[in-house]
Amino acid sequence: MGEQQSGEQKRPQYQTSSDLRNEQRAVPAIESALRGEARKLPRNHFADFVVVGEGGGILSYVEYKRRKFKWGAYPTILLSATKFLKLRSVSGLRVRSFFVVEDDDGDIRALELTRADLDFTVEYGGRTAQTRDPRDIEPVVHLGCEQFRRIS
């Protein structure tokens, strides 16, 4: 199952050194809000970090994004439906997952994706304004901005 099908091309990685700097700048807010140590996961993982407690146990998974907007400019934030499903599935491991988003002003907010009362919709769309490759248009989850809480 992990092997690529013949003729199937691997999707390019778009993470830049700027993305990594943004992540590192957000780590103190993530660690403070989630009460543990953020550890970076490998690039091929479905999340950016795990947050580890004092005893070494995983408390949560974290997906971080810096978006070019200001909170309040849009009613929802998009996340790939595939990534959303993977992040929600960690509840089976008895850990939580969070989507952490930073705006242009450095306002960092988090939403627990494993909570039972999470409100979301799913549609076919995604990155349509500046498409990098055909797979930028895919099923996406719309998460209401009002559900996010400020962590910085």
Peer 1: With heavy-atom distances below 4.5 Å as the criterion, would you say the side chains of Leu79 and Val140 are in contact?
Peer 2: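 No, their side chains stay 4.5 Å or more apart.
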Peer 1: About how many Å separate CZ of Phe49 and CD1 of Ile58, when rounded to the nearest 0.5 Å?
Peer 2: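 It is 14.0 Å, given to the nearest 0.5 Å.
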Peer 1: Quick check for you: to the nearest 0.5 Å, what is the distance between Arg35 atom CZ and Glu54 atom CD?
Peer 2: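 Going from the CZ atom of Arg35 to the CD atom of Glu54 covers 12.5 Å.
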Peer 1: Kindly compute the distance separating NE2 (His45) from NZ (Lys40), expressed to the nearest 0.5 Å.
Peer 2: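 That separation rounds to 11.0 Å.
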Peer 1: Strictly by salt bridge (charged side-chain N to carboxylate O under 4.0 Å, His left out), give each pair with a member in residues 141-152 just once, sequence neighbours left out.
Peer 2: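 Pairs touching residues 141-152 that pass the test: Asp107-Arg150.
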Peer 1: Quick one: closest heavy-atom pair of Leu78 and Arg67, and the distance?
Peer 2: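 So the two residues come closest at O-NH1, 3.1 Å.
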Peer 1: Please confirm whether the backbone N or O of Ile108 pairs with a side-chain atom of Ser152, one donor and one acceptor, at under 3.5 Å?
Peer 2: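 Yes, Ser152 side chain to Ile108 backbone: donor-acceptor pair under 3.5 Å.
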Peer 1: Would you find a donor on one side and an acceptor on the other, under 3.5 Å apart, between the side chain of Asp103 and the backbone of Trp71?
Peer 2: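 At least one qualifying donor-acceptor pair exists.
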Peer 1: Can you measure from NE2 (His142) to OG1 (Thr76) and round to the nearest 0.5 angstrom?
Peer 2: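 The NE2 atom of His142 sits 5.0 Å away from the OG1 atom of Thr76.
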Peer 1: Treating Ser97 as the side-chain partner and Leu87 as the backbone partner, does any N or O pair qualify as donor plus acceptor under 3.5 Å?
Peer 2: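 Yes, because the side chain of Ser97 sits within donor-acceptor range (under 3.5 Å) of the backbone of Leu87.
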Peer 1: For the CZ atom on Phe69, are there more than 12 heavy atoms of other groups (residues, nucleotides or ligands in this structure) within a distance under 6.0 Å?
Peer 2: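 Atom CZ in Phe69 is crowded, with more than 12 foreign heavy atoms closer than 6.0 Å.
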Peer 1: Are Val27 and Val52 connected, step by step, through hydrophobic side chains (Ile, Leu, Val, Met, Phe, Trp, Tyr) whose heavy atoms are closer than 4.5 Å?
Peer 2: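 Result: no, two separate clusters.
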Peer 1: State which residue, out of Gln24, Glu102, Glu23, fulfils the side chain to side chain donor-acceptor pair (under 3.5 Å) condition with Tyr64.
Peer 2: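 Exactly one option meets the side chain to side chain donor-acceptor pair (under 3.5 Å) with Tyr64, and it is Glu102.
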Peer 1: Grab the two heavy atoms, one from Ile30 and one from Val51, that are nearest each other, plus how far apart they are.
Peer 2: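 It is CG2-CG2, 4.0 Å.
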Peer 1: Does Arg115 have more than 12 heavy atoms from other residues, nucleotides or ligands lying within 6.0 Å of its CZ?
Peer 2: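 Yes, CZ of Arg115 has more than 12 neighbouring heavy atoms, counting only those of other groups under 6.0 Å.
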Peer 1: Side chains of Leu59 and Val95, heavy atoms from C-beta outward: is any pair under 4.5 Å?
Peer 2: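 The answer is no; the side chains never approach within 4.5 Å.
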Peer 1: Does any part of the side chain of Leu143, heavy atoms only, come nearer than 4.5 Å to the side chain of Leu111, both counted from C-beta?
Peer 2: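 A side-chain contact exists here, since the closest heavy-atom pair is under 4.5 Å.
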Peer 1: Show, in sequence, the C-alpha distance, side-chain angles and deciding distance for Phe99 and Phe84, and conclude whether the ring pair (Phe, Tyr, Trp, His ring centres under 6.0 Å) test is met.
Peer 2: CA-CA 9 Å; Phe99 185 29; Phe84 176 78; 9.2 Å; no
Peer 1: Quick one, Asp104 with Lys68, criterion salt bridge (charged side-chain N to carboxylate O under 4.0 Å, His left out). Give me CA distance, side-chain angles, the key distance, then yes/no.
Peer 2: CA-CA 6 Å; Asp104 280 335; Lys68 294 181 181 185; over 6 Å; no
Peer 1: Any idea which heavy atoms bring Ala81 and Val141 closest together, and the distance?
Peer 2: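 The pair with the smallest heavy-atom distance is CA-CG2, 3.8 Å.
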Peer 1: Say whether, by atom type as modelled, one donor and one acceptor occur between the side chain of Glu112 and the main chain of Phe98 under 3.5 angstrom.
Peer 2: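 The answer is no, because no donor-acceptor pair under 3.5 Å joins these two groups.
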Peer 1: Tell me, with the steps shown, if Val62 and Leu34 meet side chain to side chain contact (heavy atoms under 4.5 Å, CB included).
Peer 2: CA-CA 10 Å; Val62 175; Leu34 302 182; 3.6 Å; yes
Peer 1: Measure from the side-chain N and O atoms of Gln147 to the backbone N and O of Asp119, and report whether any donor-acceptor pair falls under 3.5 Å.
Peer 2: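 It does hold such a pair.
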Peer 1: For Leu118 and Leu113: C-alpha separation, side-chain torsions, deciding distance, then whether side chain to side chain contact (heavy atoms under 4.5 Å, CB included) applies.
Peer 2: CA-CA 7 Å; Leu118 185 66; Leu113 299 178; 4.2 Å; yes
Peer 1: Any donor-acceptor pair under 3.5 Å linking the side chain of Ser32 with the backbone of Ala29?
Peer 2: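 Such a contact is absent between Ser32 side chain and Ala29 backbone.
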Peer 1: Hey, what do you get for CD1 (Ile77) to CZ (Arg109), rounding to the nearest 0.5 Å?
Peer 2: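 Between Ile77 CD1 and Arg109 CZ, I get 9.5 Å after rounding to 0.5 Å.
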Peer 1: Working to the nearest 0.5 Å, report the span between OG of Ser80 and CZ of Phe46.
Peer 2: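 So the gap between those two atoms works out to 12.5 Å.
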Peer 1: In the single-linkage hydrophobic clustering (I, L, V, M, F, W, Y; side-chain heavy atoms under 4.5 Å), do Val50 and Leu93 co-cluster?
Peer 2: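 In one cluster with Val50: Leu93, yes.
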Peer 1: May I ask you to check whether over 12 heavy atoms, not counting those of Lys83, lie within 6.0 Å of atom NZ?
Peer 2: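 Enclosed: over 12 neighbouring heavy atoms sit under 6.0 Å from NZ of Lys83.
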